There are 2 protein chains.
Amino acid sequence: MPSPFGIIERIFALTKNRWLSDLHWVRAGQQTRSQKTQAALLDAAETLFAEQGVEHTSVAAIARQAGCSVGAVYHHFRDKKAVLYALFTRLTDEIGATTQAAVDPNRWQGATIVDIVHGYLEFLLRTEQGKIAFKHLAMEYARQDDELREHFVALQAELDDGLTRLLLARRAEIAHPEPRIAIGFVLDQLSSMLAARANTSLAPTQLGSRPDKRFEREVLRSVSSYLQLATPAKEDVS
Amino acid sequence: MPSPFGIIERIFALTKNRWLSDLHWVRAGQQTRSQKTQAALLDAAETLFAEQGVEHTSVAAIARQAGCSVGAVYHHFRDKKAVLYALFTRLTDEIGATTQAAVDPNRWQGATIVDIVHGYLEFLLRTEQGKIAFKHLAMEYARQDDELREHFVALQAELDDGLTRLLLARRAEIAHPEPRIAIGFVLDQLSSMLAARANTSLAPTQLGSRPDKRFEREVLRSVSSYLQLATPAKEDVS
DNA sequence: ATTATCTATAGATCTATAGATAATGC
DNA sequence: ATTATCTATAGATCTATAGATAATGC
């Protein structure tokens, strides 16, 4: 009979997320070096996946890049797919936290619609390129995986809902006849353009060659004219 | 010494394209059934690649789906990659031809900017979903392949240039202070939104749930207000 | 004693070829 | 006679495991 301490603990590494099935465990390390190795493996995998794609990255290559052996990989992760899931978690936890902070109404006290849209642009345009490359890859991979797809959709909805609330609270600024619809349209417009611009290799011709500042200016002009923004009615903003 | 007829003809299958290196040949069939098999193989590959991705589709699976053997695949194509290249060609030739027809100035005699944008939307929203799925996959694959990426960028530029010319010819309608910049921005906006909307699995929340007609209406409203379109000056349109 | 790591390798694919067989059309 | 197809398989990966060795920390 094994001692209680001898039992291998298989935990749901990604407890914050809804979408984790039994298959995606990672080992809960009990030594300091365990955590270091695990982090090194995830970093290595993230780099290689983004560079070469998941399929072209062998487990051996991940181990090599992380400076450990193949055996170590399988000590920490059930299989190659579990590595990918763990990376998803790291990414989506980060995005989720950022989103929550970004759409907090207190953060935007007294801000106009233009201020909010501007802040949104500023933030996403300055996000680290490596992260974006991996996010793209992750979303592409999520197409073929129901669990991951739902998770991404939920994340996007969280951001959309938060922004919608912020803008709806300022609907007094909007002269467009259907403010709700107009807000939804603007948010889609923004996320589409930012997604396209983030695609470094195949970005649209014009966007790619235009600096951020000019891009921001035209986006704000477009949003303002479409929503028919009036002078902000400060007293309506909670 | 082999007879002249015995020499295997390795042709550049995709002679219309600039980007073909020696590696991407397909056999020039000399019998009727050869063409049929080749077409069946390409159809099979297109379906499977779009469904499962290139890496998860084995050559054996392509052969099975096409109703022939693995040997037949290699009789027609140098290797698996050549199948993909041939599919690219089929796709890009089609896109190229459509683009040329679409941006022909004669086609748009007397049309306003709104007419042109509307036509562009109508056409792309009605393009077959299967084609779009494969195009997405192809673009994703092109990220890692310089030749293919350049080819796609050139195609996109062709469309952009043609549309820019059409709209610039109607600049009298535009009250935006910088018509050239505004046109570039609008074209990017359109292609970004259409790309996002075409992504069936991960489309933005609002766009995905909104029918085409309403989407078109808001796009036209956005473009009109951003460009500050006036009553079209018909006499300026060539 | 327990946990983490390494080395070596079995087993499962999958690609691409060789060589035999069948169909085509001059 | 030439072209197209099939069957069978060699050779190259790549995943995941087994079993041995090294490090940790109670």
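Just the heavy atoms: all of them, side chains too, but no hydrogens, waters or symmetry mates, feed the values below. Numbers restart at 1 for each chain; the letters A, B, ... are given by sequence-line order, proteins then strands. Predicted, not measured: the structure shown is a model, and the values here were computed from it.
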Task: From CA spacing to verdict: side-chain contact (heavy atoms from CB on, under 4.5 Å), B:Thr37, B:His75 - done: CA-CA 10 Å; B:Thr37 305; B:His75 177 73; over 6 Å; no
Open item on the list: How many whole angstroms separate atom NE2 of B:His76 from atom P of D:dT3?
Closed with: 13 Å
Open item on the list: Between A:Glu216 and A:Arg126, does any NZ, NE, NH1 or NH2 come within less than 4.0 Å of an OD or OE carboxylate oxygen?
Closed with: yes
- [ ] Please confirm whether the backbone N or O of B:Thr57 pairs with a side-chain atom of B:Glu51, one donor and one acceptor, at under 3.5 Å?
- [x] no
TODO: Indicate the atoms forming the closest heavy-atom contact of B:Cys68 with B:Leu41, along with that distance.
DONE: SG-CD2, 3.6 Å
Task: Pairing of B:Glu122 and B:Lys213 as salt bridge, 4.0 angstrom limit - done: yes
Open item on the list: Rounding to an integer number of Å, can you tell me how far B:Asp79 CG sits from D:dA12 P?
Closed with: 17 Å
Open item on the list: Show, in sequence, the C-alpha distance, side-chain angles and deciding distance for A:Leu163 and A:Val117, and conclude whether the side-chain contact (heavy atoms from CB on, under 4.5 Å) test is met.
Closed with: CA-CA 9 Å; A:Leu163 287 171; A:Val117 171; over 6 Å; no
Open item on the list: In dot-bracket form, 5' to 3', how is DNA chain D paired? Count Watson-Crick and G-U wobble pairs only if both distances fall under 3.5 Å, and write | where the partner sits on another strand.
Closed with: ||||||||||||||||||||||||..
TODO: Whole angstrom is fine here: how far is it from NE2 in A:His75 over to C1' in C:dT7?
DONE: 16 Å
TODO: Specify the separation, in whole Å, of atom CZ of B:Arg27 and atom P of C:dT17.
DONE: 12 Å
TODO: Please list, by residue number, the residues of residues 66-74 of chain A whose heavy atoms come closer than 4.0 Å to an atom of DNA chain C; answer none if no residue qualifies.
DONE: A:Cys68, A:Ser69, A:Gly71, A:Ala72
Open item on the list: Just to be sure I understand the geometry, which residues of residues 32-65 of chain B put a non-hydrogen atom under 4.0 Å away from DNA chain D?
Closed with: B:Arg33, B:Ser34, B:Thr37
Task: Heavy-atom closest pair, residues A:Ala39 and A:Arg90 - done: O-NH1, 4.3 Å
Open item on the list: Among C:dT15, D:dA4, D:dA16, which nucleotide has an atom closest to any side-chain atom of B:Lys80?
Closed with: C:dT15
Open item on the list: What is the distance, to the nearest angstrom, from the CZ atom on A:Arg78 to the C1' atom on D:dT15?
Closed with: 14 Å
Open item on the list: Quick test of your reading of the model: are A:Glu140 and A:Lys135 salt-bridged, counting only N-O distances below 4.0 Å?
Closed with: no
Open item on the list: Is the ring pair A:Tyr141/A:Phe88 parallel, tilted or perpendicular, if the boundaries are 30 and 60 degrees?
Closed with: tilted
TODO: Examine the side chains of B:His151 and B:Thr92 and answer whether a donor and an acceptor come within less than 3.5 Å of each other.
DONE: yes
Task: Distance-only donor-acceptor check, side chains A:Ser222 and B:Gln189, under 3.5 Å - done: yes
